[in-house]
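Order of the sequence lines fixes the chain letters, A, B, ..., with proteins taken first and strands second; residue numbering starts at 1 for each chain.
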Amino acid sequence: MEDQFWLMKSEPRVYSIDDLEEDGSAPWTGVRNYEARNTMRDGMRKGDRVLFYHSSTTPPGVAGVARVSREAYPDFTAFDESHDYFDPKSNPDAPRWYMVDVEFVEKFPRLIPLQELRDIPELSEMVLLNRMRLSVQPVRAHEFDLIVKLGRGGG
DNA sequence: GCCAACGTTGGC
DNA sequence: GCCAACGTTGGC
């Protein structure tokens, strides 16, 4: 299988790349959007690399890289009535929501702001820049490579 | 905190 | 199955 690349958004005040570094790996709970779910369930495979994006922060941007460490399985937070992510329409016999586990790979020495990505012609077709609200999304290989180079401080 | 974009729900 | 109302995301 050819390498696949993805981008996943998280609000750093909820879960940041530093949290992932500390934890080593984590289940990507709380996705409640069908397209994002389908991407995790049907697209993501163990070993795929993921751009870790910090949203709803100043500035928003790509913070580092993670890797899929476990393929899709039911999001248990949807079953837990006491949980913020509870969804009464999901249950263990017929799970509606899925998640993958991701593991920490690297934190960039600097965050790459969204605005900087917008200014790069080679990235003009990135899903991130055209589908604002999609929280789990595909990234093309050349986009991934370029962003990683930027993040590591190269040009 | 505002609000535009847009995904989801539910009445019909 | 359309589409208006509603709710959420997420940049600013």
Starting at CG of Asn130(A) and ending at P of dG7(B), how long is that distance when rounded to a whole Å?
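Taking atom P of dG7(B) as the reference, CG of Asn130(A) is at 13 Å.
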
- Separation of Arg131(A) atom CZ from dA5(B) atom C1', in whole Å?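 Nearest whole value for this atom pair: 11 Å.
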
**Asked** Taking all non-hydrogen atoms of both residues, which atom of Val31(A) and which atom of Ala36(A) are closest, and how far apart?
**Response**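 So the minimum-distance heavy-atom pair works out to CG1-CB, 3.5 Å.
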
At a cut-off of 3.5 Å, list every protein nitrogen or oxygen paired with a nitrogen or oxygen from nucleotides 1-3 of chain C, distance to 0.1 Å.
none

Tabulate protein N/O versus nucleotide N/O from nucleotides 8-12 of chain C, keeping only pairs under 3.5 Å, one per line.
{"residue": "dT8(C)", "atom": "O2", "partner": "Arg133(A)", "partner atom": "NH1", "Å": "3.4"}
{"residue": "dT8(C)", "atom": "O2", "partner": "Arg133(A)", "partner atom": "NH2", "Å": "2.8"}
{"residue": "dG10(C)", "atom": "OP1", "partner": "Lys9(A)", "partner atom": "NZ", "Å": "3.1"}
{"residue": "dG10(C)", "atom": "OP1", "partner": "Arg133(A)", "partner atom": "O", "Å": "3.2"}
{"residue": "dG11(C)", "atom": "OP1", "partner": "Tyr53(A)", "partner atom": "OH", "Å": "2.6"}
{"residue": "dG11(C)", "atom": "OP2", "partner": "Ser56(A)", "partner atom": "N", "Å": "3.1"}

Residues in side-chain contact (heavy atoms from CB on, under 4.5 Å) contact with [X], at least two apart in sequence or another chain:
{"X": "Glu11(A)", "result": "Arg13(A), Val14(A), Ser55(A), Ser56(A)"}
{"X": "Asp18(A)", "result": "Ser16(A), Glu21(A), Lys107(A)"}
{"X": "Glu103(A)", "result": "Ser25(A), Arg67(A), Ser69(A)"}
{"X": "His83(A)", "result": "Thr77(A), Asp80(A), Tyr85(A)"}

Can you give me every donor-acceptor pair (side chain of residues 119-130 of chain A, partner residue at least two apart or in another chain, under 3.5 Å) with its distance?
{"residue": "Asp119(A)", "atom": "OD1", "partner": "Gln115(A)", "partner atom": "NE2", "Å": "3.3"}
{"residue": "Ser124(A)", "atom": "OG", "partner": "Pro121(A)", "partner atom": "O", "Å": "3.1"}
{"residue": "Asn130(A)", "atom": "ND2", "partner": "Ser124(A)", "partner atom": "O", "Å": "3.1"}
{"residue": "Asn130(A)", "atom": "ND2", "partner": "Met126(A)", "partner atom": "O", "Å": "2.7"}

- Task: Kindly state each residue pair satisfying ring-ring contact (aromatic ring centres under 6.0 Å, His included) with at least one member in residues 95-120 of chain A, sequence neighbours excluded.
- Result: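 Sorted pair list: Tyr34(A)-Trp97(A).
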
Mind jotting down which residue pairs meet the salt bridge (Lys or Arg N to Asp or Glu O under 4.0 Å) criterion with at least one end in residues 81-99 of chain A? Sequence neighbours excluded, please.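 The answer is none; no pair qualifies.
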
